[in-house]
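Quick one: this structure, given as structure tokens, is what I'll be asking you about.
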Amino acid sequence: MIYKLGHFAFTREASRERSYLKYLRGSINMRSFRLSALAVLSASLLVGLMMGCSGETTEVIVEKEVIKEVEVEKIVKEEVIKEVEVIKEVPVEKIVVATPVPAPIRIPELILTQTGNPVCLGADCASSVDEMDIFTQFTEPLMLLDPDNNLIPWLAESLVMHSPTDWTMTLRKGVKFHEAEYGTMTAKDVIASYYHDVREGTANKKRVPASMQEAVLTATDGDDGYVIDWKLSGAGTASLPNHLAAMRTVVTAKGYIDVVGEQTSRHPMGTGPFVFQQWQPNVKITGSRFDDYWRGAPPIQKVVWKIIPDAFTRKQELMTGGAHILRALEPDSFDEVNNNDGTRAISVLSSRYVYVVLDVDEAPFDNQKFRQALNYAVNKQEIVDTLFGGFGAAAVNGVTHPFLCENDGGPPVYQYDLAKAKSLIDEARAEGAPVDDVIKLYAPNDRYVLDKETGEAVLGYWKAAGLNVEYYPQSRSVLFPLALRSFTEYKADIDGPFLIGNGNGLGRAEFPYELWLENKDGGRGRAFASPHPASWEEDLDKARLLASCSDESKALLAKMNKDVVDFAPWVFLVNFNDLYGVSDEIEWRPWSTEIRMLYEVDLR
């Protein structure tokens, strides 16, 4: 089975010939004058991309050195050697990737709004996609999901799957780092970045499958080469490129990592279209244009992320000209922004849904009937209609994300039934579950659209079912690091269910099972969803090896979805339609993954 994204083939073997004249009467010393000239040839190489992505042309300049050897007249023992001229063209292996011409600066300053202060700006410690949305402008991934959810090579030029455990990656040539002392990206930088981003003790290591945690990367053509062999452990996975597209690693220079270590996530330095300048916590993050960007510098001189937790203030910033792109626009402001002179509102089906995580190993949540009761007690459609205006979200129909072909489009799970919820609570109580104890519910108040309000709605529904519930909304910078820690640390800091989202940046249906349900060392599935049936891991191992959208994948994911929904490790809530406010000054379209590729922004 061959899985191939893009292809690049360009070889030139250089050979240098030397000619010597020998004479019957011994060797003759010759004086040679070598006259050098450079003949410059240019070629355009088309990189074919898989899954509907159009090809990208890279200009490659091959320098050929032409050597002219002239043997001149010399008298040796009264013999005259006539002038002989030998011209030889000797190709020299020297490939220079031409840097695209920077675009003229048309936007002096691009301003974006951010709902909360990031936890960090690195793949190793990122707690949420909206942080990746920032740092990917500075440090880039090897693969990428484009706006149409097609998987494309990015800093990698190709990625070939020989088997689920054996992959070969070819890197782009001539990609410069922001700091000139580190030169251009080579194999050693990618290898160092990956090992740094999935090192022991990082939140990121818990996100990747076990086969990637112990991956061995080898530079097959040397540290300064461009080919890397990936050896994954165990049975491997067919989703390696998807994980790389989900920012499981972003590339910085090995020398930079050696110098700053873990501080790469506080001061990112990479190959992106913008150079990191400053991070003022709870105020703003700034970057400036990188003139030597490998795709050609963008038309933006400076980019600013303003950290504004309050939704009304964010909206006013946009409508009064203080911002160009507003993420997390609330549904009741959609028409106002759309009708305002100078702004427009945009909607896109999100790859993210939100839910409440239950600790299935802790009473009373270890009782399946009680977990199901918590689901039936929540009126998801009412949340959609009242909080989200009927269009800003939709009730979820299971674990598989709606934008993927493995989602069967069926009805929402656990449709509201208060009578059934109360009956199941009574049954759980009769079985000895302490259902009358206080339940502490946690939720972020500065990450998702109406996250605090959604948590308040769950609080009200659970109270209506006769439960004793307390509510603790918190900043995402406090809550999320706790949710990503180990089981023991979690119990010491949070003693109740919490609302969180799952954004499928992989474009693979098994992703939420890997991230939140798999029983693996240090994983969230072991912390919150275990013990559970062993068949979950068996099915997940099979799913990792299947092609997306295949009949086998659809059938297996349907089974996995049913098993998890019945087990009810979560209270299933809503899938977003991401709403944005955009200034009419710029041209830009949103991505379903929440990543705002600012390289694409331009004046209208």
From CA spacing to verdict: salt bridge (charged side-chain N to carboxylate O under 4.0 Å, His left out), Arg248, Asp197: CA-CA 7 Å; Arg248 296 300 176 253; Asp197 289 337; over 6 Å; no
Applying ring pair (Phe, Tyr, Trp, His ring centres under 6.0 Å), name anything that partners Tyr416, two or more places apart in sequence or on another chain. none
Between Gln137 and Pro273, is there a donor-acceptor pair closer than 3.5 Å when you use the side chain of the first and the backbone of the second? no
Between Leu499 and Thr454, does the side chain to side chain contact (heavy atoms under 4.5 Å, CB included) criterion hold? Intermediate values first, please. CA-CA 9 Å; Leu499 184 149; Thr454 301; 3.9 Å; yes
Is the Tyr599-Tyr293 ring centre distance short of 6.0 angstrom? yes
Set of side-chain hydrogen bond (donor to acceptor under 3.5 Å, both in side chains) partners for Gln301, sequence neighbours left out: none
Ring pair (Phe, Tyr, Trp, His ring centres under 6.0 Å) filter on Phe403, not counting sequence neighbours, yields none
Quick one about Asp578 and Ser350 (side-chain donor to acceptor, distance below 3.5 Å, no hydrogens or angles considered), yes or no? yes
For residues 114-123, dump all side-chain donor-acceptor pairs below 3.5 Å to protein atoms at least two apart in sequence or in another chain.
{"unit_1": "Gln114", "atom_1": "OE1", "unit_2": "Arg596", "atom_2": "NH2", "d": "3.0"}
{"unit_1": "Gln114", "atom_1": "NE2", "unit_2": "Asp130", "atom_2": "O", "d": "3.1"}
{"unit_1": "Thr115", "atom_1": "OG1", "unit_2": "Asp446", "atom_2": "O", "d": "2.9"}
{"unit_1": "Asn117", "atom_1": "OD1", "unit_2": "Trp279", "atom_2": "NE1", "d": "3.3"}
{"unit_1": "Asn117", "atom_1": "OD1", "unit_2": "Asn282", "atom_2": "N", "d": "2.8"}

Donor-acceptor under 3.5 Å (Asn375 side chain, Arg371 main chain): yes
Atom CG of Leu318 and atom CZ of Arg327: how far apart are they, to the nearest 0.5 Å? 14.0 Å
Check whether the side chains of Arg344 and Asn338 place a donor and an acceptor atom closer than 3.5 Å, and report yes or no. no
Close side-chain approach of Leu144 and Met597, heavy atoms under 4.5 Å: yes
Any side-chain heavy-atom pair from Phe370 and Leu374 closer than 4.5 angstrom? yes
Is there side-chain contact between Val449 and Leu579, with heavy atoms separated by less than 4.5 Å? no
In this structure, CE of Met212 is separated from NE2 of His243 (nearest 0.5 Å) by 6.0 Å
Do Trp591 and Leu145 have side chains that get closer than 4.5 Å, going by heavy atoms? no
First locate atom CD1 of Ile500, then atom CG of Asp451, and finally report the distance between them rounded to the nearest 0.5 Å. 11.0 Å
Which residues share a ring pair (Phe, Tyr, Trp, His ring centres under 6.0 Å) with Tyr353, sequence neighbours left out: Tyr355, His401
Between Tyr442 and Asp495, is the side chain to side chain contact (heavy atoms under 4.5 Å, CB included) condition met? List the steps. CA-CA 9 Å; Tyr442 296 84; Asp495 51 357; 2.8 Å; yes
Electrostatic pair Lys315-Glu336, nearest N-O below 4.0 angstrom: yes
Report the relative orientation of the aromatic rings in Phe388 and Phe576; use parallel for angles under 30°, tilted for 30 to 60°, perpendicular for over 60°. tilted
Looking at residues at least two apart in the chain, or sitting in another chain, which of them share a salt bridge (charged side-chain N to carboxylate O under 4.0 Å, His left out) with Arg199? Asp124, Glu262
Could you go step by step and tell me if Trp570 and Leu517 meet the side chain to side chain contact (heavy atoms under 4.5 Å, CB included) rule? CA-CA 10 Å; Trp570 307 336; Leu517 300 170; 3.9 Å; yes
Rounded to the nearest 0.5 Å, how far apart are CD1 of Ile425 and CG of Leu467? 4.0 Å
Taking Asn339 for the side chain and Asp335 for the main chain, is one N or O donor matched with an acceptor at less than 3.5 Å? yes
Locate the shortest heavy-atom distance separating Glu594 from Val129; write the atom from each residue and the value. CB-CG1, 3.9 Å
Between CD of Gln278 and CD1 of Ile285, what distance do you get to the nearest 0.5 Å? 10.0 Å
Using modelled atom types only, decide if a donor and an acceptor are shared between the side chain of Asn407 and the backbone of Thr400 within a distance under 3.5 Å. yes
Thr313 versus Thr113: any side-chain heavy-atom pair under 4.5 Å? no
Would you check, one step at a time, whether the test salt bridge (charged side-chain N to carboxylate O under 4.0 Å, His left out) holds for Glu109 with Lys306? CA-CA 12 Å; Glu109 185 175 70; Lys306 289 184 178 180; over 6 Å; no
Parallel, tilted or perpendicular, as decided by the 30° and 60° cut-offs, for the rings of Phe480 and Tyr448: tilted
With no hydrogens and no angle check, is any side-chain donor or acceptor of Asn561 less than 3.5 Å from a backbone partner on Val399? yes
Please check: side-chain N/O of Ser548 versus main-chain N/O of Arg508, any donor-acceptor pairing under 3.5 Å? no
Could you walk me through whether Leu142 and Val251 pass side chain to side chain contact (heavy atoms under 4.5 Å, CB included), step by step? CA-CA 8 Å; Leu142 294 159; Val251 179; 4.0 Å; yes
Do you know which of Phe276, Phe274, Phe177 makes ring pair (Phe, Tyr, Trp, His ring centres under 6.0 Å) with Phe138? Phe276
Can you confirm whether more than 12 heavy atoms, excluding those of Gln277, are under 6.0 Å from its CD atom? yes
Do Ser239 and Asn242 have side-chain N/O donor and acceptor atoms under 3.5 Å apart? no
Heavy-atom distance under 4.5 Å between the side chains of Leu573 and Val458, does that happen here? yes
Check: Ser530 side chain, Gly525 main-chain N or O, donor-acceptor pair, under 3.5 Å: yes
Side chain to side chain, Thr593 and Asn149, heavy atoms closer than 4.5 Å: yes
Whether Phe528 and Phe498 hold their rings parallel, tilted or perpendicular, with breakpoints at 30° and 60°: perpendicular
Value rounded to 0.5 Å, distance of CG in Asn340 from OG in Ser333: 11.0 Å
Using modelled atom types only, decide if a donor and an acceptor are shared between the side chain of Arg476 and the backbone of Pro444 within a distance under 3.5 Å. no
Do any N or O atoms from the side chain of Thr202 and from the backbone of Lys205 form a donor-acceptor pair under 3.5 angstrom? yes
Please identify which of these residues, Leu326, Ile134, Val303, Asp133, meets the side-chain contact (heavy atoms from CB on, under 4.5 Å) condition with Leu112. Val303
Donor-acceptor pair, distance only, cut-off 3.5 Å: does the side chain of Thr136 make one with the backbone of Met132? no
Heavy-atom pair with the smallest gap, counting every atom of Val384 and Ala393: CG1-O, 3.1 Å
List the atom of Asn397, the atom of Pro411, and the distance in Å for their closest heavy-atom pair. CB-O, 3.2 Å
Check this for me: does any side-chain nitrogen of one of Lys440 and Glu470 sit under 4.0 Å from a carboxylate oxygen of the other? no
Is any side-chain heavy atom of Ser592 closer than 4.5 Å to one of Leu349? no
